[in-house]
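Keep in mind it's a predicted model, so treat the numbers as computed, not measured.
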Amino acid sequence: MHRELSSQQKESLIRYITSCYRKSCQRQRMKLHGKEGSDPADTLTVSLYESALEALPGKYREIIVREFLDEEGEGWYYHYYSKSTFYRLRQRAISEFMDCLNV
């Protein structure tokens with residue numbers, strides 16, 4: 001039996017996946033400076049995350065990047081969207097990103 005994740009669960013999952021992505025990027029940079037080979041798991045994590053971002057439409061990609069990757073201060077969207085429009089687009093962006101990740 002398959003049940004849909006709640007919005008809060010999806011957001012938590014994206015925050016966790018983003019954390020894994022950051023750690024994988026950091027390990028890859030450290031290994032590049034140490035001239036060691038890259039860990040295949042890190043390479044796969046980075047590749048999947050970046051591919052999912054690239055598959056998103058531009059406005060959804062911007063929301064995911066600003067909300068989860070850059071973690072810009074709250075209210076960055078005031079110059080672009082009304083509050084209700086932003087939260088509606090944010091929920092769509094989260095769902096689309098989850099779909100792109102096949103989660």
Under the side chain to side chain contact (heavy atoms under 4.5 Å, CB included) rule, collect the residues that match up with Arg15, sequence neighbours excluded. Glu11, Phe68, Glu71, Arg90
Contacts of type side chain to side chain contact (heavy atoms under 4.5 Å, CB included), residue Thr85, not counting sequence neighbours: Tyr81, Ser82, Arg88, Leu89
Excluding sequence neighbours, so at least two apart, what forms side chain to side chain donor-acceptor pair (under 3.5 Å) with [X]?
X: Tyr60; result: none
X: Thr45; result: none
X: Tyr77; result: none

Shared hydrophobic cluster for Ile64 and Leu69 (ILVMFWY, side-chain gaps under 4.5 Å): yes
Do Leu44 and Ile14 share a hydrophobic cluster (ILVMFWY, side-chain heavy atoms under 4.5 Å, transitive)? no
Drop me the distance from Leu53's CG to Leu48's CG, to the nearest 0.5 angstrom. 11.5 Å
Nearest-0.5 Å distance, OG of residue Ser12 to CG of residue Leu5: 10.0 Å
Pairs of donor and acceptor atoms involving the side chains of residues 92-103, under 3.5 Å and at least two apart or interchain, shall be tabulated with distances.
unit_1 : atom_1 : unit_2 : atom_2 : d
Ser95  : OG     : Lys10  : NZ     : 3.2
Ser95  : OG     : Gln91  : O      : 3.3

Side chains of Asp39 and Thr43: closer than 4.5 Å at any heavy-atom pair? no
Does any part of the side chain of Arg22, heavy atoms only, come nearer than 4.5 Å to the side chain of Tyr49, both counted from C-beta? no
Please list all pairs meeting salt bridge (charged side-chain N to carboxylate O under 4.0 Å, His left out) that have one or both residues in residues 46-62, counting only residues at least two apart or in different chains. Glu62-Arg66
Does Tyr16 OH have over 12 foreign heavy atoms under 6.0 Å away? no
Walk me through it: do Gln9 and Leu13 pass the test side-chain contact (heavy atoms from CB on, under 4.5 Å)? CA-CA 6 Å; Gln9 289 171 321; Leu13 187 55; over 6 Å; no
